[in-house]
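Fair warning: this is a prediction, and the values are worked out from it, not measured in the lab. Computed from heavy atoms alone, side chains included, the values below leave out hydrogens, waters and symmetry copies.
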Amino acid sequence: MSRGQKGPNRAADTMDWSASVLTTLSSDTEPSVLVTFPHAKYIFNVSENTNRAFLQNSSNWKKIQGMFFTQASVQRMGGASGLLMTFADATIQKLNVVGPPGTGHYLASARSYLYRNTMAVEVTDVPLTQSRDTQPKPVLKDRDISIYGLPVLPDTTSTSERSPSPSSLKRKREPSPERPSKRTGAPAERMDASSVPPDAPSAEVDAPANATASANLSDVTLDSILAREDFTPAMLSGAHTTEYIQRVHGCMFSKQTQGGGKKGRKQHNQQIKGSGPYDANAPGEPDVFRRGSLPPGFHAQLPPPVNVDPSTSRSPPTLAYVVLGPRIRGKFDAAAATKLGVPFGPLRGELAKGQNVTVKVQNEAGETIERVVQPSDVMSESIPPSAVLILDVPSPAYIPSLVDSFMKAPLYSRLRSRKEEDTKDYATRAIFHKLGKGVLDDSRYVEFMNGFPEQTHHIIASRDHCPDPITMTSAAFSQLRLNVLDPDIFNVPKYSLEAKKPLKDIANLPPSTHVMTTDTQVHIRPPSPPKRDPYAQDKFHAVCQAPVELTPATREAFDKAQAVVSQRIAEGAVPKLPGADVTVLPLGTSSAVPSKYRNVSSTLIRIPGHGSILLDCGEGTWGQLAREYGTDESAPDNVYDVLRDIKCVFVSHLHADHHGGLSTLLAKRRQLDPPPKDPLFVYSIRRVHLYLRELQMLQDLGIDDPAGNGVYGMLSEGLHWRNTGSYHINGRYTLGGSEEWTDINLTTKRYRQMCESLGLRSFFAVDMLHRTRCYGCVIKHNDGWSISFSADTMPTDRLVWAGKGSTVVIHEATMNDNERELAAQKAHSTVGQAIEIAEKMSADNVLLTHFSARYPRLPPAVLDRSGESTARPLVTMAFDHARMTIGTMWKVNTYLPAIKQCMEDSADADDEGVDASVTVEADVVS
């Protein structure tokens, strides 16, 4: 039956639906659950690597209509920006985004780089004051389902709105496992609106520091406030903040709101005049997005989020979700209707809709009488609505609130009921539990689980009770094969197939309790137990513990390459370079979007005895580090030790593939126990710092921690290689703001501190030629080695001049040599152009990276320079997880033909790259 057909069984086309695990709790992902109907999909939580996980497994993002978050945090929302751009480019035209207070603020913090005019997005911050004792209202309702958001609060005196149970009062409050140690860095003139509901009038606020007097803004419109000459977003609070954030969202996703034509362009130019560093008519910026009219203050810092209490930073509120499917009508028994005398036509339709009808029939005596026919006379019993629950319980402190809600609210209490009258009306089929440390060990939670009907399947995500299998299995399988070639350079990613604590050790769990694994599917209608997706692709785990099988051609190529390496070492024909023991570890080598084999941009530089530098930090960087070094805290050089050792993160520009993993990295750093001894310097442009400070309003990232071991900003605009210590006063590289933290003296002071801690002679920024403001850098060490980093750029002599004689040039090589025109259009370099720049610099090595997604494995042009170990510069290709040192880069050059053969022999049928002309970077002039 077609979707639009009407009749007794109109719901038949939506009877079948399911829930599945896209990602589970692992080293590189957080749980993400898909609920799938024939006409729509809904995704719950989008951590980093969710976008890449779609590429890895058999799921797809077609028909997604809603994105739901249990927390407004980087752990739950870290992959949202990248996935939203992917959805828009995949022609999804409208999307609902739902989460707890702060969700809209989180999304708005990405406004400088997240823009699509092909999609409309409606954002809902669900208040935490929903009544537990009345019928709740859904946060989203469409033709077939209703989704309810259920606030779950930790049991603390500062946040609980109800008296805790006597048993919970006896328990010591346990912090969330994802807690920050304390909140710092809030704006000095913060207007606290944490207690004001979104629909309440704004309270009187103080004007910003540069205003002459305070003003009562509660009884004026937002437009009146925006029209003030001294307006800054910091003036806003309450309902005004909510409305302002909604306008920001409208500028980010402008399918229905963007102004057009000459009038729209005039308004746009008036709005941006003098408001930021970009010149709308600047040369060298082809194919950029130019937005329509922007609200005043668009490029200034956002006001504090409404209804977000800074005191809850340790234990943020969460939202549980109830997905309630349709009630399926029983089948219409045409034979029974005919026997009862119901004629064909409208009366049968009324019966199908549940209405009694009266018909005239003849009795046995031949008399005409009226008979009342009830739906139950001609309809089989209807199937009650099925329910799926998504629960996020960070610590045992949240258990009382969760239990309380399922006891008092009629709908939720009936879902957690074994009474026959309740199970006839509702059928709870599956519950996805995201549980923090200690929750599953708490008898109260086990008792809560056992309150649900026996047919309920419980899918558990808990770090203590889940193994840590590989998520990106295609990349891991490739690495496993290359490990045979050189186990020192190509390390097998760290993983574990055993949980720390087996579920069977938990007493009294419901019988149908399962560990959450990627690709787990639960059919809700028709109901069936959880099972693994039969189409899931996983080459790695089936062979990871057995001898690796290679084709004869690959084995021959490996043997030949290894023989060449051994001969050169024996002959002493190995380059002697300064900094030979400095590690250069590519963590992401793909341009713009990740692929099955490559993550987006990031490179770790480890300097023995001094610390580490991270060059760019694309989404998934933390996961790449965790897979490289492992999460076993008892092992030497584990990922937490590596994270403590990172002293600088250099972020070149605002494209998401270069900074989308930074907030997660900072959040992970904030959780370290013991904490780092040294500070971490974030070296980037103003808008990256602005973005981080706005996230700091939601979650403590350690910015400006007075303890001295936090996160401290340095502005690239003030560390230019030719003009260090001052900002440009005009052009596209002007600062664009005058916040307190942009003080040039602060940047230069921190710069000196960073150089001293890393043993550097200098570390300057170099302005590059890209479609947005972008800096490369040149790092010079006191030991005599130097590294130049191009970031994203067309070929430019600026890097040549600044980095003359570099030991290593890390240069983007997005396009193949036959794509110079396309590279120029996208403001990128070809492989040959990158090598030419390194030749001009008289560099010793050039490490090519940032390859277009149309080459998921190997750009052909790189192979033309393979094996030339005596050439200058020596050309090396970057692979994710290829752990090189400056002294072993020549090996990777020698291995290139063998690597090519290995990848050709193990290629998948679906390894084609994407069209390089697809818009994957939002270059925004606004």
Side-chain angles (χ1 to χ4, degrees), residues 479 481-492 550 554-586 603-610 612 637 759-761 778-789 803-811 813 831 834-849 858 862-879 881-902:
Q479 192 81 355
R481 291 164 61 85
L482 292 176
N483 179 259
V484 177
L485 176 63
D486 191 320
D488 293 328
I489 291 178
F490 300 103
N491 292 284
V492 177
L550 302 174
T554 295
R555 172 59 68 183
E556 181 182 354
F558 279 14
D559 290 344
K560 180 179 179 180
Q562 290 168 337
V564 172
V565 168
S566 297
Q567 181 181 357
R568 287 178 180 166
I569 293 175
E571 294 174 351
V574 176
K576 302 294 192 297
L577 298 172
D581 59 347
V582 174
T583 297
V584 180
L585 173 61
T603 305
L604 182 69
I605 310 297
R606 301 193 70 183
I607 310 170
H610 293 282
S612 301
D637 207 31
L760 301 180
R761 182 154 52 94
V778 176
I779 304 167
K780 296 183 178 180
H781 199 270
N782 290 328
D783 291 345
W785 58 267
S786 60
I787 293 177
S788 295
F789 173 55
K804 196 74 173 177
S806 290
T807 314
V808 177
V809 178
I810 304 174
H811 204 290
V831 169
I835 295 172
E836 289 170 9
I837 290 295
E839 288 173 342
K840 286 184 178 181
M841 296 173 72
S842 300
D844 295 305
N845 296 274
V846 56
L847 179 63
L848 303 177
T849 188
L858 287 172
V862 179
L863 298 172
D864 296 340
R865 298 294 291 265
S866 63
E868 299 180 7
S869 62
T870 59
R872 187 173 183 182
L874 185 141
V875 179
T876 306
M877 181 178 178
F879 298 91
H881 296 292
R883 195 190 299 189
M884 300 168 275
T885 64
I886 291 178
T888 60
M889 282 187 172
W890 65 273
K891 287 187 179 182
V892 179
N893 172 276
T894 305
Y895 292 148
L896 281 176
I899 294 172
K900 177 178 182 291
Q901 183 65 55
C902 178

For this session: Decide side-chain contact (heavy atoms from CB on, under 4.5 Å) for Ile810 and Ile605; before the verdict, give the C-alpha distance in whole Å, the side-chain angles of both, and the deciding distance to 0.1 Å.
Result: CA-CA 11 Å; Ile810 304 174; Ile605 310 297; 4.2 Å; yes

Exercise. Going through the checks in order, is the side-chain contact (heavy atoms from CB on, under 4.5 Å) test met by Val808 and Trp785?
Worked result: CA-CA 8 Å; Val808 177; Trp785 58 267; over 6 Å; no

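When all heavy atoms of Ser786 and Ser806 are compared, the closest pair comes out as OG-CA, 3.2 Å. Met889 and Thr876 get closest at one heavy-atom pair: O-OG1, 3.4 Å. Here the shortest heavy-atom pairing between Gly803 and Met841 reads O-CE, 3.1 Å. Closest approach of Val809 and Ala843 over heavy atoms only: CG2-CB, 3.5 Å. When all heavy atoms of Ser612 and Leu604 are compared, the closest pair comes out as CB-CD1, 3.9 Å.
Using a distance-only test at 3.5 Å, with no hydrogens or angles considered, a donor-acceptor pair links the side chain of Gln479 to the main chain of Asn491. Side chain of Thr885 to backbone of Thr888: a donor-acceptor contact under 3.5 angstrom is found. Side-chain N or O atoms of Lys840 include none that pairs as donor or acceptor with a backbone N or O of Lys804 at under 3.5 Å. The main-chain N or O of Gly805 is never found under 3.5 Å from a side-chain atom of Ser842 such that the two would form a donor-acceptor pair. Panel note: side chain Asp844, backbone Leu874; no donor-acceptor pair is recorded below 3.5 Å.
Residues satisfying the side chain to side chain donor-acceptor pair (under 3.5 Å) criterion with Lys560, sequence neighbours excluded, are absent altogether. Taking His610 as the reference, Ile607, His781 meet the side chain to side chain contact (heavy atoms under 4.5 Å, CB included) condition, with sequence neighbours excluded. Gln562 pairs by the side chain to side chain donor-acceptor pair (under 3.5 Å) definition with nothing, not counting sequence neighbours. Evaluation of the side chain to side chain donor-acceptor pair (under 3.5 Å) rule for Asp637 yields Arg606 as partners, not counting sequence neighbours. Judged as a side chain to side chain donor-acceptor pair (under 3.5 Å), and not counting sequence neighbours, the contacts of Arg883 are Glu628.
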Can I get a per-line list of side-chain donor-acceptor pairs under 3.5 Å for residues 570-584, giving both atom names and the distance, sequence neighbours left out?
unit_1	atom_1	unit_2	atom_2	d
Glu571	OE2	Gln567	NE2	3.0
Lys576	NZ	Val574	O	3.3

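To the nearest 0.5 Å, the span separating CG on Asn893 from CG on Leu847 amounts to 11.0 Å. Note: Asn845 CG to His811 NE2 = 15.0 Å, rounded to the nearest 0.5 Å. For the atom pair CG of Leu485 and CZ of Arg555, the computed distance is 10.0 Å after rounding to the nearest 0.5 Å. Thr849 OG1 to Met877 CE: the interatomic distance, rounded to the nearest 0.5 Å, is 8.5 Å. Rounded to the nearest 0.5 Å, atoms CE (Met884) and NZ (Lys891) are 12.5 Å apart.
Using a 4.5 Å heavy-atom threshold, the side chains of Tyr895 and Leu482 count as separate.
In this structure, Phe490 and Phe879 have perpendicular ring planes: the angle between them is above 60°, well past the 30° mark.
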